[in-house]
Amino acid sequence: MPVMAVSALPRQHKQTFPPHSPAACHHPSSIPPPPSLSAPTPPGFCPKTPQKEKGRAAERGAGAEGCGGSALGGGRGPVRMSAAGSKVLCWKKGMLLKQVFALSRAATPQESHLCAAGGALVSCHRQYRSRPTHGIGKYKHLLPKEVPKRKKDKVQMKEINAGTEHEYGDVNIQMTSYDMCLVEHFAQYVHKLCNQLSVRVSESYAMPTKTNEVLFLEERGSKMQLDAVLTTHQRVIQVSRLSSTFAPILLEIIQSNQPEGVHLLVKEHTEADFKSRLKARPELEELLAQMS
Amino acid sequence: MVKAQPKKKKKVDVRREQAQKDRMKKKIKKLEKAAPELIPIEDFETPLKFSDNSRVRSLPPLSFEETERRVLLMKKWSAYKQSQDRAEKQAIRSLVEAQQEALKELRLESEELYQAAIRRDEGLFPFERDGPNYTPPLPGYDPPEGKCIDITKVYTQ
């Protein structure tokens, strides 16, 4: 339907309406129209001419878009009322009262953009640039500017905090084990502990799982037999701004609660640690090697 | 004739090399535009065989005494764990207090030593420790020979 309306718009426009009348077609939808236009004729009462009746059926769907589209063009010039055009205007008005909701709903993306651009009211007015009330209802320019949010957040390395003399920078607590549930529960415990002791946890993530095939040599024979397939799981909790006096205490607590089979490693965070989480790019590396 | 040929070769080579370099630079730019991706973690992906809903465990209904016993046991266990947690927190608090008091006394003794004590310890990290074992290692155990092959899936972008 909307596609038809757009194509139907210019033809209908030329046939039925004088050039300035569509500019006035928005009056009944939003602002009370000037007395010269509407006072004598009640809305809905229009002398139906055979010409207009023909176009009416097709116009119903198109009228909304037609008015919307033409309002943009018509809004540039000042409003010109004339008695000759009043009949046509009131017919237009009558139709519009039915179509006004259709307009606001069926607004094309372009129109809604323009409506929202200045933060004007949703029912897309035209600008009364000669009146002192020009720009009434605008508020977007008063709000602080928002940075447009990217849909895909690029995986960027956070700046590594070096730390001062009395504070450690980003410290990684890495827990490794063959048992996934155990290592996950321990990681959760360490995270909760840090929260309770008001130690800032900047990141808590999992490193990719490593799989190992263990083969052993049979007693009588030279063939290697598959013993087991072991998966090594690693969880990392990144802690920052750890004070120099509290760090040994925290280590002590973590050590005392370390479960069996979980290997603990506490070290400072480096760029290499971050890069190990990313996918390898062999093509890029090849090209870079060729360049240099 | 002899002079013209080497000149042509030089120009053509230079142009070709430049064209090659430009092409490589364009390729590099294209590849660098794509943001680096994190390796997907297999732990967090449920294997397909577990997504089948047809297998449902049917448990027998429990008697009243059994449910009561379980609830009371749960209460006792949670009370025990709570007292354990409280004891741990008390231990941490006492550790911190003792440390603060010691530092205060040290400050009264000598300012220099206090400042040196406050500084961060460079030898603390990296710190490595293996978890405790259930049983000590068997004496005189001869493990069979074998090897470990790393079959981790390599992801490329």
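Per chain, numbering begins at 1; letters A, B, ... match sequence-line order. What you see is a predicted model; the values in this text were computed from it and never measured.
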Looking only at heavy atoms and a cut-off of under 4.5 Å, which of A:Q290, A:Q255, A:K267 has the most pairs with chain B? A:Q255

Distance, nearest 0.5 Å, that separates CG of A:N212 from CD1 of B:I149: 9.5 Å

Do B:I28 and A:L284 make a side-chain contact, defined as non-hydrogen atoms from C-beta onward lying under 4.5 Å apart? yes

Between B:A91 and chain A, with a heavy-atom cut-off of 4.5 Å, which part of the residue counts as in contact: side chain, backbone, both or neither? neither

Answer whether the closest heavy-atom distance between the side chains of A:Y168 and B:D121 falls below 4.5 Å. yes

In the structure I gave you, are the side-chain heavy atoms of B:E128 and A:H263 within less than 4.5 Å of one another anywhere? yes

Taking C-beta and beyond as the side chain, do B:Q99 and A:T245 meet within less than 4.5 Å on heavy atoms? yes

Taking atom CD1 of B:I41 and atom CZ of A:R235, what is their separation to the nearest 0.5 Å? 7.0 Å

Highest number of heavy-atom pairs under 4.5 Å with chain B: which of A:Q174, A:M175, A:K210? A:K210

Side chain, backbone, both or neither: which part of B:K89 has a heavy atom under 4.5 Å from chain A? side chain

Are more than 12 heavy atoms, taken from residues, nucleotides or ligands other than B:E66, located less than 6.0 Å from that residue's CD atom? yes

Strictly distance-based, threshold 3.5 Å: is any side-chain N or O of A:T211 a donor or acceptor partner for the main-chain N or O of B:I151? no

Chain B interface, residue from A:R281, A:M180, A:E283 that has the most non-hydrogen pairs under 4.5 Å: A:R281

Do A:N257 and B:E88 have side chains that get closer than 4.5 Å, going by heavy atoms? yes

Could you state the interatomic distance from CD1 (B:I92) to CD1 (A:I253), rounded to the nearest 0.5 Å? 3.5 Å

Give a yes or no on this: more than 12 heavy atoms of other residues, nucleotides or ligands lie within 6.0 Å of atom CZ of B:F64. no

Please check if atom CG in B:L48 has more than 12 non-hydrogen atoms from other residues, nucleotides or ligands closer than 6.0 Å. no

When heavy-atom pairs shorter than 4.5 Å are enumerated against chain A, which of B:K153, B:E32, B:E145 gives the highest number? B:E145

Tell me, side chain or backbone of A:P259 under 4.5 Å from chain B's heavy atoms, or both, or neither? backbone

Among B:L31, B:L95, B:L103, which residue has the highest count of heavy-atom pairs closer than 4.5 Å to chain A? B:L31

So which part of A:L264 gets closer than 4.5 Å to some heavy atom of chain B, the side chain, the backbone, both or neither? both

Using non-hydrogen atoms only, which part of B:V96 is less than 4.5 Å away from chain A: side chain, backbone, both, or neither? both

CD1/B:I39 to NZ/A:K279 distance, rounded to the nearest 0.5 angstrom? 8.0 Å

Answer yes or no: does atom CD of B:E112 have more than 12 heavy-atom neighbours from other residues, nucleotides or ligands under 6.0 Å? no

CZ/B:R93 to CG/A:L197 distance, rounded to the nearest 0.5 angstrom? 10.5 Å

B:E111 CD: over 12 foreign heavy atoms closer than 6.0 Å: yes

Is chain B contacted by the side chain of A:S276, its backbone, both, or neither, given a heavy-atom distance below 4.5 Å? backbone

Could you tell me whether the side chain of B:R129 and the main chain of A:Q258 form a donor-acceptor pair under 3.5 Å? no

For A:F246, I'd like to know if atom CZ has over 12 heavy atoms of other residues, nucleotides or ligands within 6.0 Å. yes

Check whether A:V214 gets within reach of chain B through its side chain, its backbone, both or neither, counting any heavy atom under 4.5 Å. both

State the NE2-CZ distance between A:H269 and B:F125, to the nearest 0.5 angstrom. 14.5 Å

Over all atoms of both residues, closest heavy-atom pair of A:A247 and B:L124: CB-CD2, 4.0 Å

Please classify the contact between A:L230 and chain B as side chain, backbone, both or neither, with a heavy-atom cut-off of under 4.5 Å. neither

